[in-house]
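Written out below as structure tokens is the structure these notes cover.
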Amino acid sequence: MKILVAVKRVVDHNVRIRVRPDGTGVETTGVRMSMNPFCKHAVEAAVQLAEKGQADEIVVVSIGPKTSNDVILTALAMGAHRGILVETDQPLETLAIAKLLAKVVAEEQPDLVLLGKQAVDDDSNHVGQMLAALTDRPQATFASEIKLSGTELEVTREVDYGRETIALPLPAIITADLRLNTPRNAALPMVMKARSKPLAVRPVAEFGVDLSPRLTVEKISPPAERLAGKTVGSVSDLAGVIVTVVNEMEAI
Amino acid sequence: MSVLVLAELDNHKLSPATARIVAAAAKLGPVDVLVSTSAAAEAASAIAGVTKILVSDIADLADGFANALFDLSARYDYLVAGASTLGKDVMPRLAAKLDIQPVTDIVAVDGPTRFTRPIYAGNALETVTDNQPKHVLTFRASAFQPAGQGGPAPVENIENTVVSAVKLIAQHRSESDIPDLSTAQIVVGGGVSVGSAEGFALIEKLGKTLGAAVGATRAAVDAGYAPNDWQVGQTGKIIAPDLYIAVGISGALQHLAGIQGAKKIIAINSDPEAPIVKIADVVLIGDLFEILPRLTAELEKLQLGR
Ligand SMILES: Cc1cc2nc3c(=O)[nH]c(=O)nc-3n(C[C@H](O)[C@H](O)[C@H](O)COP(=O)(O)OP(=O)(O)OC[C@H]3O[C@@H](n4cnc5c(N)ncnc54)[C@H](O)[C@@H]3O)c2cc1C
């Protein structure tokens with residue numbers, strides 16, 4: 001079985017971001033970048049399937065500027081076999097990303113595509129579902145457990161009411177949630193080896209996809225700031241505060 | 001400009017989130033609602049501002065709903081759902097079929113084509129204009145007030161011709177009489193320092209006294225102290241209660257992403273330097289195991305009557 005994993009380079013999830021004062025975006029120069037955490041779980045899931053002998057090739061793809069090579073190398077060090085960078089400096093909307101990935105799927109014909117459920121920058125949670133629509137494949141989003149028997153997948157998903165388990169046939173699209181696994185930190189020899197694995201850099205123009213944005217971003221603004229309130233000294237004081245708040249609520 | 005809202009269900013019944021989505025959608029035009037069960041159809045027809053109910057017995061799966069909405073899309077300018085697991089599953093899939101860039105997780109409607117949504121775990125807000133011929137949107141239910149009672153709206157049955165490739169095998173639903181976390185007025189949340197599932201009984205007890213829903217951090221869920229549907233935050237539920245009581249919760253930015261809409265935050269924490277202490281309205285510093293039983297007892301004495 002062949003698996004395609006999509007990975008995104010984003011502002012590291014531990015960085016507290018700053019909105020630019022002119023409202024044009026979020027400050028990214030000089031900010032630590034890394035692989036989107038959900039994508040890391042997707043790579044780990046693919047590597048585990050390979051380790052169980054259920055997958056024989058893992059291809060990892062990223063769409064973005066040249067620097068996205070970093071996250072492809074991280075995935076190769078974790079155990080993916082080869083990489084594809086679809087290179088573009090233009091910021092792309094999720095529909096354009098899904099269309100580019102659909103082209104890669106058409107070329108590579110993977111049995112399974114694994115993606116993170118969302119990217120921690122735009123927080124969109126679109127791409128897996130859109131790719132599923134464009135390739136007319138079934139989807140299992142928010143995956144926290146994946147079992148493969150033959151050409152059937154059994155996926156447990158994290159949903160609003162708890163968890164549910166669904167069955168779907170290959171070829172399919174899965175998006176990873178954080179409880180799917182614990183991503184490995186690649187050991188140094190793997191990091192060194194990753195550099196010698198094949199990595200194809202392909203200009204975005206090769207794919208013939210219309211990338212023009214559909215939405216106009218008017219502004220990016222900081223959320224309303226919350227300021228520290230007061231500290232109370234005792235449990236009775238706190239109980240008093242709670243009663244006041246609850247009474248105010250009831251009055252409205 | 002006509003709007004079709006995909007109803008939000010909770011175990012075949014209409015979820016309280018639907019009235020909030022309808023209220024938000026009504027700012028865009030007259031609202032029809034698509035539901036998949038007749039019980040929900042009846043409840044939805046009594047929401048103020050609903051023009052018509054469409055009923056189709058679609059199985060609760062993404063490709064089914066996406067295809068059903070696609071078939072109906074010619075009749076509508078806006079296709080709308082909640083930013084729930086259902087809406088997240090269905091609407092991007094539908095949008096791609098329609099060749100439309102969706103706008104999701106909307107927290108403010110600034111005009112017929114202008115919407116605001118949080119990015120970077122709520123640490124920034126993005127305002128976009130959507131000038132596409134059709135609009136595929138999801139709304140964050142907790143950001144909108146529910147529509148009132150109205151109707152009854154007429155009901156139309158839609159034939160369902162969709163065959164899904166996906167089969168539902170099992171549902172793991174945590175049954176309880178605790179109020180719905182996403183729409184509760186008061187939420188008591190516990191962190192990993194609560195220490196065990198038994199420890200969470202203290203949180204639940206305080207919650208019960210206040211008629212509150214119960215939430216948890218991801219660390220508490222990962223440790224197995226609380227079920228995953230209690231998780232509040234960037235990757236859990238986004239809530240906007242009138243009051244959030246954070247017990248033994250550090251206030252990591254991914255957790256705060258879930259409670260930015262809370263009107264008042266009370267923090268109980270042993271560490272005066274915890275990030276949550278810097279943003280809470282009222283703080284009590286101390287050990288939660290000493291504080292919780294006493295606080296619950298005091299509140300019981302005061303008989304809130306909720
Ligand atoms: C991509 C990503 C997504 C995430 N999504 C979420 C999410 O949706 N929701 C979420 O919650 N987290 C999420 N996290 C995890 C988040 O970063 C934090 O790790 C988590 O919120 C911390 O949980 P906590 O407050 O329970 O634990 P800790 O950070 O360990 O805090 C424990 C707190 O308890 C206090 N304490 C300890 N003992 C006591 C006592 N006896 N009495 C009183 N106070 C005490 C401590 O002072 C401390 O403040 C995510 C992380 C990542 C990387």
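Proteins come first, then strands; the chains are lettered A, B, ... in the order of their sequence lines, and each starts at number 1.
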Cation-aromatic face contact A/Lys103/A/Phe207, 6.0 Å, 45 degrees: no
Residue among B/Ile265, B/Leu125, B/Leu243 with most heavy-atom pairs under 4.5 Å to chain A: B/Leu125
A/Arg137, part contacting chain B, at a heavy-atom distance under 4.5 Å: backbone
Carboxylate-amine/guanidinium proximity below 4.0 Å for B/Glu273 and B/Lys278: yes
Per-residue contact mode, A/Val241 against chain B (heavy atom under 4.5 angstrom): side chain
Among the listed options B/Val103, B/Asp10, B/Asn131, B/Thr235, the residue most often paired with chain A at heavy-atom distances under 4.5 Å: B/Thr235
Exercise: do B/Thr104 and A/His126 side chains pair donor with acceptor under 3.5 Å: yes
Contact class of A/Ala167 relative to chain B, heavy atoms under 4.5 angstrom: both
Part of A/Val19 within contact of chain B (heavy atom distance under 4.5 Å): side chain
Options A/Asp237, A/Ile220, A/Thr165, A/Val232, ranked by heavy-atom pairs under 4.5 Å with chain B, top entry: A/Thr165
Polar side chain donor-acceptor pair, A/Gln48 to A/Arg184, under 3.5 angstrom: no
Proximity breakdown for A/Gln118 and chain B, heavy-atom pairs closer than 4.5 Å: side chain
Region of A/Val217 that comes under 4.5 Å of a non-hydrogen atom in chain B: both
A/Gln129 side chain to A/Asn125 backbone, donor-acceptor under 3.5 Å: yes
Structural part of A/Val26 lying under 4.5 Å from a heavy atom of chain B: side chain
Any side-chain donor near an acceptor of the partner, B/Ser164 and B/Asp63, under 3.5 Å: yes
B/Lys237 side chain near B/Asp229 side chain, heavy-atom distance below 4.5 Å: yes
Residue selection (most heavy-atom pairs with chain B, distance under 4.5 Å) from A/Val10, A/Asp136, A/Val245: A/Val245
Plane angle bin for B/Phe115 and B/His135 - parallel if under 30°, tilted between 30 and 60°, otherwise perpendicular: perpendicular
Distance-only side-chain donor-acceptor flag, B/Glu298 / A/Ser236, under 3.5 Å: yes
Test item: side-chain donor near acceptor, B/Glu300 and B/Thr296, under 3.5 Å: no
Structural part of A/Ser234 lying under 4.5 Å from a heavy atom of chain B: backbone
Greatest number of heavy atom pairs closer than 4.5 Å to chain B - which of A/His13, A/Met130, A/Lys99: A/Met130
Residue part contacting chain B, namely of A/Ser124, when any heavy atom lies under 4.5 Å: both
Max heavy-atom pair count under 4.5 Å with chain B, selected residue of A/Ala224, A/Ser221, A/Pro138: A/Ser221
Contact winner vs chain B - A/Leu178, A/Asp160, A/Leu215, heavy-atom pairs under 4.5 Å: A/Asp160
Six-ring centre of A/Phe142, A/Arg157 cation under 6.0 angstrom, axis tolerance 45°: no
Donor-acceptor side-chain pairing of B/Gln185 and B/Asp242 below 3.5 angstrom: yes
Under 4.5 Å from any heavy atom of chain B - which part of A/Ile17: side chain
Side-chain donor-acceptor contact under 3.5 Å, A/Ser34 with A/Arg9: no
Side-chain donor or acceptor of B/His255 paired with backbone N/O of B/Val232 under 3.5 Å: yes
Chain A contact via B/Asp180 - which portion, at a heavy-atom distance below 4.5 Å: neither
Pairs of heavy atoms under 4.5 Å with chain B: top-ranked of A/Val127, A/Leu227, A/Leu168: A/Leu227
Contacting moiety of B/Arg114, where chain A heavy atoms sit under 4.5 Å: side chain
A/Pro222, part contacting chain B, at a heavy-atom distance under 4.5 Å: backbone
Choice from B/Leu181, B/Leu256, B/Val221, B/Thr113 maximising heavy atom contacts with chain A below 4.5 Å: B/Val221
Proximity breakdown for A/Leu131 and chain B, heavy-atom pairs closer than 4.5 Å: neither
Chain A contact via B/Pro102 - side chain, backbone, both or neither, heavy atoms under 4.5 Å: both
Proximity breakdown for B/Ile276 and chain A, heavy-atom pairs closer than 4.5 Å: neither
